[in-house]
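Note sheet for the following structure.
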Amino acid sequence: ILILVSVSLNGQSQPEKYVLGRVNFEGLKKTKEVYLLDILDPQINQPIDSAEINMDLQILKNLPSIAHAEYFLNEENQKITITYKIEERTTALPIINFGGVRGNIWFTIGGIENNFRGVGDVLLAYYQNNNGRHSGEIYYRKPRILNSEWGYSFSATKWSSREPVF
């Protein structure tokens, strides 16, 4: 009986509760604060617990534009201010590729931006020349439309190759 009582007492530990007053971001360079607030959707003047704060922190860490994130809590007028300290990573990357085999030389040049306009959009464009045949692609993805879970993407590809392809 003693084991059951200690297990039930340890298993029922409640996360610490706070009333959220404000959310701040430090270290933003390219990413827009409005975009991060839309993703996290903090409920100002509502109770929030440490589990929700940690879940929001993990959401930030999962974004392609965020290299590192941590938070600090400050109490002001009996409300908690959460300050996320953000370290952004480089999101504009070049695409350079080249090679060849006997009688076939090719190269690719382009770029990809994983945080286009600071709101998590993806823009990719490249040109490929394969033994004098011109190919390329333009790709755009908007993962969220007006703070919803829905998004869209657009792709235009031109591919030229010599047939048959083995």
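- Between atom CD1 of residue Ile66 and atom CD1 of residue Ile59 there is a gap of 12.5 Å, rounded to the nearest 0.5 Å.
- Closest of all the heavy-atom pairs between Arg89 and Ala67 is NH2-CA, 3.6 Å.
- Heavy-atom minimum distance, Ser135 versus Ser160: OG-N, 2.9 Å.
- For Gln78, the CD atom counts as loosely surrounded, since its 6.0 Å shell holds 12 or fewer non-hydrogen atoms of other residues, nucleotides or ligands.
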Side chains of residues 108-122: which donor-acceptor partners sit under 3.5 Å, not counting sequence neighbours?
| from | atom 1 | to | atom 2 | distance (Å) |
| --- | --- | --- | --- | --- |
| Thr108 | OG1 | Gln128 | OE1 | 3.2 |
| Glu113 | OE1 | Lys30 | NZ | 2.7 |
| Glu113 | OE2 | Lys30 | NZ | 3.2 |
| Glu113 | OE2 | Thr91 | OG1 | 2.5 |
| Glu113 | OE2 | Asn115 | N | 2.9 |
| Asn115 | OD1 | Val119 | N | 3.3 |
| Asn115 | OD1 | Gly120 | N | 2.8 |
| Asn115 | ND2 | Thr31 | OG1 | 2.8 |
| Arg117 | NH2 | Asp121 | OD2 | 2.9 |
| Arg117 | NH2 | Tyr140 | OH | 3.3 |
| Asp121 | OD2 | Tyr140 | OH | 2.5 |

For Trp106 and Asn97: C-alpha separation, side-chain torsions, deciding distance, then whether side-chain contact (heavy atoms from CB on, under 4.5 Å) applies. CA-CA 8 Å; Trp106 58 270; Asn97 209 348; 3.7 Å; yes

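- Within the 4.5 Å cutoff, the side chain of Leu36 has no heavy atoms near those of the Glu33 side chain.
- By the side-chain contact (heavy atoms from CB on, under 4.5 Å) test, Glu137 pairs with Leu124, Tyr126, Tyr139, Ser155, Thr157, sequence neighbours left out.
- Residues Leu60 and Ala69 approach most closely at CB-CB, 4.4 Å, considering heavy atoms.
- Counted within 6.0 Å of CG on Asn62, heavy atoms from surrounding residues, nucleotides or ligands total more than 12; the atom is thus considered enclosed.
- Environment of CZ in Phe107: crowded, with over 12 heavy atoms of neighbouring residues, nucleotides or ligands closer than 6.0 Å.
- Nearest heavy-atom pair, Ile48 versus Glu52, reported as atom, atom and distance to 0.1 Å: CA-OE1, 3.4 Å.
- Criterion: ILVMFWY side-chain heavy atoms under 4.5 Å apart, direct or through other members. Under it, Ile44 and Leu57 are part of a common hydrophobic cluster.
- The CZ atom of Arg22 lies 12.0 Å from the CD1 atom of Ile80; values are rounded to the nearest 0.5 Å.
- The two atoms that bring Arg141 and Pro143 nearest to each other are O-CD, 3.6 Å, heavy atoms only.
- Between Ile53 and Ile82 there is a side-chain heavy-atom pair separated by less than 4.5 Å.
- Of the possible polar contacts, one joining the Asp49 side chain to the Ala51 backbone as a donor-acceptor pair under 3.5 Å is found.
- More than 12 heavy-atom neighbours from other residues, nucleotides or ligands sit within 6.0 angstrom of CD on Glu76.
- Under the rule for a salt bridge (charged side-chain N to carboxylate O under 4.0 Å, His left out), Glu26 has no partner lying at least two apart in sequence or in another chain.
- Between Leu28 and Tyr35, every side-chain heavy-atom pair lies at or beyond the 4.5 Å cut-off.
- Between Asn131 and Asn129, the shortest heavy-atom distance links the atoms N-OD1, 3.6 Å.
- Looking only at side-chain heavy atoms (C-beta outward), Leu63 and Ile39 come within less than 4.5 Å of each other.
- Side chains of Tyr84 and Asp56 form a contact here, defined as non-hydrogen atoms less than 4.5 Å apart.
- Ile95 and Ile105 fall into different hydrophobic clusters, defined by Ile, Leu, Val, Met, Phe, Trp and Tyr side-chain heavy atoms under 4.5 Å apart, directly or through other members.
- For the atom pair CH2 (Trp159) and CG (Asn130), the distance works out to 6.5 Å, reported to the nearest 0.5 Å.
- Between Asn54 and Tyr71 the shortest side-chain heavy-atom distance falls below 4.5 Å.
- For Thr83 and Lys85, the side-chain atoms include no donor-acceptor pair closer than 3.5 Å.
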